[in-house]
Amino acid sequence: MSPIWNMARKEFCDGLRNRWLLAISLLFAVLAIGIAWLGAAASGQLGFTSIPATIASLASLATFLMPLIALLLAYDAIVGEDESGTLLLLLTYPLGRGQLLLGKFVGHGLILALATLIGFGCAMLAIAVLVNDVEFSLLLWAFGRFMLTSTLLGWGFLSLAYVLSCLSAEKSTAAGLALGVWFFFVLVFDLALLALLVLSEGQFSPTLLPWLLLLNPADVYRLINLSGFDAGPASVGVMALGGDLAVPGAMLWLCLVLWVVTPLALAYWLFSRRAV
């Protein structure tokens, strides 16, 4: 465990030195507080509205930001070390490839987790202090679940970033693939499902279509955060299909965890066969 922790500590310290933790935390805090008080401005209403509406808006925001940040944080984790010549040096130490990969993942994962806790935690504290008659138990439960799922979503895309880094021979290639993965899961996937639904005039296997949402970690994340609330206007577009997905909440959580573990295992398999 010591080699893994040493590698994780190195990655975490690099993140602190490069201001990743500070930048992500500030970004999350500013956007979260802004959405909490200005999220209903389009309807002509300013100020804090409700906890469910705030969580729904924050989940939509995190669906775009968290995957992009995770991919940018780790797309060069392996290929960058290879290009700079330090990967060969690291592998001469008593450090297995699995330990190296897991240590990097733990370090990057800690950066994302702490940034999520600090950034969104500041928004939760601001609501608790500044909003009168807020139900603190509901606030703590809703934000706790939101921050945990946001962290898992980030870890899932960290794992995908390691897969891309192990596949690529150059950092530029890995960066391009990372943007492509973000574009596909965040934008194209849901549009493709909607297009399939429209073009088939609702006849494409109505029982199968909702299950396709589980193939996208961003959709699983949104389903978890919208469940337990009267989502109302948030359940539009492809998310409306989630109402036909007859699965317990525990299965959605398991699916999100699998989106972390499975790509990480694939990254290890690719890394173990990568020539240095």
Side-chain angles (χ1 to χ4, degrees), residues 24 27-70 112 115-117 119-128 130-154 156-157 182 185-187 189-191 193-194 210 212-214 216-253 255-256 259:
I24 298 171
L27 178 66
F28 285 166
V30 171
L31 291 177
I33 293 174
I35 282 180
W37 266 268
L38 302 176
S43 61
Q45 182 180 0
L46 293 179
F48 181 77
T49 53
S50 67
I51 295 174
T54 300
I55 292 297
S57 298
L58 288 177
S60 297
L61 170 72
T63 301
F64 285 89
L65 281 183
M66 188 64 77
L68 182 61
I69 290 172
L112 272 183
T116 302
L117 180 62
F120 292 124
C122 287
M124 182 187 71
L125 290 176
I127 293 172
L130 299 177
V131 177
N132 295 325
D133 301 326
V134 67
E135 189 178 344
F136 185 73
S137 59
L138 177 61
L139 179 69
L140 187 61
W141 170 78
F143 265 86
R145 186 175 66 164
F146 167 70
M147 289 188 286
L148 180 57
T149 53
S150 297
T151 301
L152 288 174
L153 178 66
F157 278 89
W182 178 84
F185 281 114
V186 174
L187 299 176
F189 187 90
D190 287 353
L191 290 177
L193 285 187
L194 287 175
L212 295 180
L213 294 175
L214 301 182
N216 185 350
D219 285 338
V220 177
Y221 166 79
R222 283 189 288 179
L223 285 173
I224 292 175
N225 281 289
L226 292 178
S227 64
F229 293 122
D230 182 12
S235 292
V236 297
V238 73
M239 282 294 100
L241 297 173
D244 300 325
L245 191 60
V247 297
M251 183 174 177
L252 293 176
W253 282 90
C255 188
L256 194 56
W259 268 107

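All values derive from a computational prediction rather than experimental measurement.
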How far does [atom1] of [X] sit from [atom2] of [Y], to the nearest 0.5 angstrom?
X	Y	atom1	atom2	value
Leu193	Leu191	CG	CG	9.0 Å
Leu223	Leu252	CG	CG	6.0 Å
Phe146	Ile224	CZ	CD1	12.5 Å
Leu214	Cys255	CG	SG	4.5 Å
Leu152	Met66	CG	CE	10.0 Å

Could you tell me which residues satisfy side chain to side chain contact (heavy atoms under 4.5 Å, CB included) with [X], sequence neighbours excluded, listed by chain and number?
X	result
Leu125	none
Leu140	Met124, Phe136
Val131	Trp37, Phe48, Ile127, Val134
Ala29	Cys122

side-chain contact (heavy atoms from CB on, under 4.5 Å) between Leu27 and Ile69, intermediate numbers included: CA-CA 11 Å; Leu27 178 66; Ile69 290 172; 4.1 Å; yes
On a heavy-atom basis, which atom in [X] and which in [Y] lie closest, and how many Å separate them?
X	Y	value
Leu153	Ala62	CD2-O, 4.1 Å
Leu58	Ala32	CD2-CA, 3.5 Å
Leu256	Thr149	CD2-O, 4.0 Å
Asn225	Ile55	O-CG2, 4.1 Å
Ala123	Ile33	CA-CG1, 3.8 Å
Ala56	Leu226	CB-CD2, 3.9 Å

For Phe185, the ring-ring contact (aromatic ring centres under 6.0 Å, His included) test, sequence neighbours excluded, returns Phe157, Trp259
Sorted by chain and residue number, the ring-ring contact (aromatic ring centres under 6.0 Å, His included) partners of Phe28 (sequence neighbours excluded) come out as Phe120
_I'd like to know if the side chain of Asp190 and the backbone of Val186 have a donor-acceptor N/O pair within less than 3.5 Å._
no
The side chain to side chain donor-acceptor pair (under 3.5 Å) partners of Thr116 (sequence neighbours excluded) come to none
Applying side chain to side chain donor-acceptor pair (under 3.5 Å) to Thr54 and not counting sequence neighbours gives none
Apply side-chain contact (heavy atoms from CB on, under 4.5 Å) to the pair Trp141 and Glu135, showing each step before the final yes or no. CA-CA 10 Å; Trp141 170 78; Glu135 189 178 344; over 6 Å; no
Can you confirm whether the side chains of Thr63 and Tyr221 place a donor and an acceptor under 3.5 Å from each other? no
